[in-house]
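A short worksheet on the structure shown next.
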Amino acid sequence: MRQYKCLSTPIGELCFIVEGRMVLALHSKKRVKPAGAQRGGAEAEAFEKELQEYLHGSRTSFTFKPALSGSSFKRSVLEEVLKVPYGTTTTYKEIARRLSTTPRSVAAALSSNSILIVVPCHRVISASGWIGGYALGVDAKLFLLNLEKASLL
């Protein structure tokens with residue numbers, strides 16, 4: 001059964017949908033559509049606890065796994081991003097090199113990431129040190145990078 005919940009966080013109101021131990025969505029309220037999901041439940045409570053622990057600096061990974069969707073290219077980009085360890089950053093250029101594509105294509109794929117934080121696209125920055133964009137805004141991206149004490153290259 002899909003479960004839905006919203007919560008106030010240091011980077012704004014976030015909503016999520018989980019099903020079993022899978023995260024189907026984690027984004028701003030306007031981007032998460034709860035159709036067909038029940039409000040709350042045991043899995044939602046468990047994921048909320050993990051998310052709160054992460055946002056308060058006491059968790060570095062999630063036991064819930066992201067349910068990746070989209071084109072095969074987008075999924076390949078998201079899978080590369082999942083390999084970026086907590087507290088580190090990589091570049092759009094490096095991911096593009098690994099996938100034999102362009103940094104712009106990587107950025108476009110990441111701009112439609114619907115499972116923020118769990119798929120840590122905030123850890124991807126420009127080779128020049130510019131942090132790049134983020135769906136929740138640059139301040140949210142900086143908050144997450146600072147939380148993880150990540151180097152900006």
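As the structure is a computational prediction, the values presented were derived from the model and not from experiment.
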- Message: Pair Thr63, Arg21 - check side chain to side chain donor-acceptor pair (under 3.5 Å), show working.
- Response: CA-CA 7 Å; Thr63 64; Arg21 302 298 288 183; 2.6 Å; yes
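- The side-chain heavy atoms of Ser112 and Lys74, taken from C-beta on, include a pair separated by under 4.5 Å.
- Looking at every heavy atom in both residues, His27 comes nearest to Asn113 through CD2-O, 3.5 Å.
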- Could you go step by step and tell me if Phe143 and Asp139 meet the side-chain contact (heavy atoms from CB on, under 4.5 Å) rule? CA-CA 6 Å; Phe143 174 88; Asp139 288 342; over 6 Å; no
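- Within the 4.5 Å cutoff, side-chain heavy atoms of Leu55 are placed close to those of Leu144.
- Taking the six-membered ring where the residue is Trp, Tyr54 and Phe62 present tilted rings, their angle falling between 30° and 60°.
- Considering only heavy atoms from C-beta on, Ser126 stays 4.5 Å or farther from Ile131 through its side chain.
- Residues Ser114 and Leu24 come closest through the heavy atom pair OG-O, 4.2 Å.
- For the residue pair Thr88/Arg123, the side-chain donor-acceptor check at 3.5 Å is not satisfied.
- Inter-residue side-chain proximity for Arg2 and Val18 is flagged as unmet; no heavy-atom pair is nearer than 4.5 Å.
- The cluster map of Ile, Leu, Val, Met, Phe, Trp and Tyr, joined by side-chain heavy atoms under 4.5 Å apart, puts Ile95 and Val118 in the same cluster.
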- Just do the side-chain contact (heavy atoms from CB on, under 4.5 Å) check on Glu79 and Leu68 with the steps written out, would you? CA-CA 8 Å; Glu79 287 166 0; Leu68 302 181; 3.6 Å; yes
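- Residues Leu110 and Tyr92 are in side-chain contact: their nearest non-hydrogen atoms beyond the backbone lie under 4.5 Å apart.
- Ion pairing of Glu45 with Lys49 is absent here, as no side-chain N (NZ or NE/NH1/NH2) approaches a carboxylate O to less than 4.0 Å.
- To the nearest 0.5 Å, atoms CG (Leu7) and CD (Gln52) are separated by 5.0 Å.
- A salt bridge links Arg98 with Glu94; the closest basic N to acidic carboxylate O contact falls under 4.0 Å.
- Hydrophobic clustering (ILVMFWY, side-chain heavy atoms < 4.5 Å, transitive): Leu51 and Met22 are in distinct clusters.
- At a threshold of 4.5 Å between side-chain heavy atoms, the hydrophobic network of Ile, Leu, Val, Met, Phe, Trp and Tyr places Leu136 and Val81 in one connected group.
- Two residues are said to be in side-chain contact when any heavy atoms from C-beta on lie closer than 4.5 Å; Thr91 and Pro103 fail this criterion.
- Contact between Pro66 and Ile115 at its shortest, heavy atoms only, is CB-CD1, 3.8 Å.
- Grouping the Ile, Leu, Val, Met, Phe, Trp and Tyr side chains by contacts below 4.5 angstrom, directly or via other members, places Val124 apart from Val138.
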- Assess whether side-chain contact (heavy atoms from CB on, under 4.5 Å) is satisfied between Met1 and Gln38, documenting all intermediate values. CA-CA 8 Å; Met1 177 68 159; Gln38 77 175 30; 3.7 Å; yes
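- A pairwise comparison of heavy atoms in Val32 and Pro34 identifies O-CD, 3.4 Å as the closest pair.
- Proximity of Leu116 to His122: side-chain heavy atoms (C-beta onward) are nowhere separated by under 4.5 Å.
- Closest approach of Cys6 to Lys29, counting heavy atoms only: SG-CG, 4.4 Å.
- Hydrophobic clustering places Val119 together with Leu26 (ILVMFWY residues linked when any side-chain heavy atoms are closer than 4.5 Å, directly or through intermediates).
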- Dump the intermediate steps for side-chain contact (heavy atoms from CB on, under 4.5 Å) on Ile117 and Leu14, then the final yes or no. CA-CA 11 Å; Ile117 302 171; Leu14 295 177; 4.0 Å; yes
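- Heavy atoms only, all atoms of each residue included: Ser69 and Leu78 are closest at O-CD1, 4.5 Å.
- For Phe16 and Phe47, the distance between ring centers is under 6.0 angstrom.
- Here the SG-CG distance, from Cys121 to Leu82, works out to 10.0 Å after rounding to the nearest 0.5 Å.
- Phe64 is listed as a side-chain neighbour of Glu50, based on a closest heavy-atom distance under 4.5 Å.
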